[in-house]
Participant: 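What follows is a structure written as structure tokens; I'll ask about it next.
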Number of protein chains: 2
Amino acid sequence: MARSNRQSNRGRTSRRAVYETLRRKVLTLELPPGAALSENELAAALGVSRTPVRESLILLSQEGLVQIFPQVGSFVSRVDPAKVADAQFLREAVELAALGDLPAELDPELVDALRHNLAEQRRPGLALEEFFELDEAFHQTLLRLSGHGSAWATVVSAKGHLDRARRLGLYDTASPAGFADQHVEIFDAVLVGDLALAHAAMRTHLRAVFDDVERIRARSPELFATDSGTVPVRRNVVVWE
Amino acid sequence: MARSNRQSNRGRTSRRAVYETLRRKVLTLELPPGAALSENELAAALGVSRTPVRESLILLSQEGLVQIFPQVGSFVSRVDPAKVADAQFLREAVELAALGDLPAELDPELVDALRHNLAEQRRPGLALEEFFELDEAFHQTLLRLSGHGSAWATVVSAKGHLDRARRLGLYDTASPAGFADQHVEIFDAVLVGDLALAHAAMRTHLRAVFDDVERIRARSPELFATDSGTVPVRRNVVVWE
DNA sequence: CGACCGGTGCTTGTATACCAGGGCTGCCCG
DNA sequence: CGGGCAGCCCTGGTATACAAGCACCGGTCG
């Protein structure tokens, strides 16, 4: 196989590249819920062997983004409203607890980062993907502000379903401005030390996704899991290239 | 809680068996922090090929229980106090939030399960491993009582470091009776609907692990990570058989 | 005596071959 | 014409072969 696909291994393994690629495609809905993922096809499309593809799928499976049915097939998992609710519950619990743990003296560097982030969020002509990245960074930085930044990794791996639902919602409304306003509200409350207000603003902000989920579910039910009985259908092939 | 992996051929994959075996050995400290894990040796010892072993190690690596250094080796990760704190923070946030979400009418079946569980915890001659299983079930059932039972899976995958620290602590003190009392205290507060008391009891209970960690760390520093600079040393071989 | 340098054996990473099992299709029979 | 059944083909699961890289060790040279 051509070894020119990647420059030599310098901490950058093929598996990691494949994993990140697939994860991004799933989260951005480029690989839509329900899409069939053939290890052979993915390997051929990405120019690697089955091994790194397979290992990546196993990782995504553990995150709940992919379902693997032995001897049947692997599929992008449909958005499960129950899992969305779980991720939402977990995230809200963590972020609210973090607000309660904010130190008296806020790290000025992180505060500056937040300020700059919020300014970027209101930049005109901001692409949706850019907004998502800023949104991620905003919440992560808030967690770091409370000294629990590394807990963010767990939240990230658990909120895959949530992210897809949020994306569905934003692709629909296409108005991240409201969320940016909520971010500012949270940030201001944190700055003045109004814990109750910060809590309320954060809770409102995080729960806004539920409205989106229900709205999108009514419009595109095929993206959501019906019951626990997900029937794998092999013919449900979706090309992603 | 019966596991269905051995009942039928379905789902009885070699990888799952290897993964569960290795995870158990790591969590029970049978594979101590710092132990070298050679894919070849593990495969030979478990009677399988490298493939399922390797895939299991990758999964454990994502949970933070194992560290994989490409072209160098794989090792049982040392107990990182920072990660213990993170897991503790996340768990506390989730479980306290769950207490706040308890419905007015508690599921009588789950309440019975909790009652029975607590009785078992006080059974004389209880083995430590049995107590750990009961402890796990107790907290999981509490989460289910609040309707967020499936969020437990995320907590489980994140609290590997925490579990090892708790085990270290209990192997040292060998007195789970105190924890059983705390469980009863939480349960009683939940039953009478005293949210504040339940919160306080849960917080005290969950934070007890910190005392253990510091005590054990002073006694057995080699089990803990020194800094972020973890230097893999190949000669650090530990046999586990 | 000490520092450097290359061989050697181990490690994980990747590719490939083979296996068991289940869905799909199309023939065959009623 | 319709239902049942058998074989094909694709699936993921596992085993194995090969490749790349780092640590250790021993010899050699300054």
Participant: Side chains of A/Glu136 and A/Gln140: any donor to acceptor distance under 3.5 Å?
Facilitator: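 The criterion, which ignores hydrogens and geometry beyond distance, is not satisfied for A/Glu136 and A/Gln140.
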
Participant: Parallel under 30°, tilted from 30 to 60°, perpendicular over 60°: which one fits the rings of B/His183 and B/Phe131?
Facilitator: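 Ring orientation, 0 to 90° scale: parallel.
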
Participant: For nucleotides 12-16 of chain D, give me every protein contact, N/O to N/O, under 3.5 Å, one pair per line with atom names.
Facilitator:
| unit_1 | atom_1 | unit_2 | atom_2 | d |
| --- | --- | --- | --- | --- |
| D/dG12 | OP1 | A/Leu37 | O | 2.9 |
| D/dG12 | OP1 | A/Ser74 | N | 3.3 |
| D/dG12 | OP1 | A/Ser74 | OG | 3.3 |
| D/dG12 | OP2 | A/Glu39 | N | 3.3 |
| D/dG12 | N3 | A/Gln71 | OE1 | 3.3 |
| D/dG13 | OP2 | A/Arg54 | NH1 | 2.4 |
| D/dG13 | OP2 | A/Arg54 | NH2 | 2.9 |
| D/dG13 | N7 | A/Arg50 | NH2 | 3.1 |
| D/dG13 | O6 | A/Arg50 | NH1 | 2.9 |
| D/dT14 | OP1 | B/Ser14 | N | 2.3 |
| D/dT14 | OP1 | B/Arg15 | N | 3.3 |
| D/dA15 | OP2 | B/Ser49 | N | 2.7 |
| D/dA15 | OP2 | B/Ser49 | OG | 2.7 |
| D/dA15 | O5' | B/Ser49 | OG | 3.4 |
| D/dA15 | N7 | B/Thr51 | OG1 | 2.7 |

Participant: For atom CZ of A/Arg15, decide whether the heavy atoms of other residues, nucleotides or ligands shown that lie under 6.0 angstrom number more than 12.
Facilitator: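 It does: A/Arg15 CZ has more than 12 such atoms within range.
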
Participant: Ignoring hydrogens and geometry, is there a side-chain-to-backbone donor-acceptor pair from A/Arg167 to A/Leu27 under 3.5 Å?
Facilitator: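 Flag set: sc A/Arg167 to bb A/Leu27 pair under 3.5 Å.
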
Participant: Would you please classify the geometry between the A/Trp152 ring and the A/His139 ring as parallel, tilted or perpendicular, with 30° and 60° separating the classes?
Facilitator: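 It falls in the parallel class, under 30°.
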
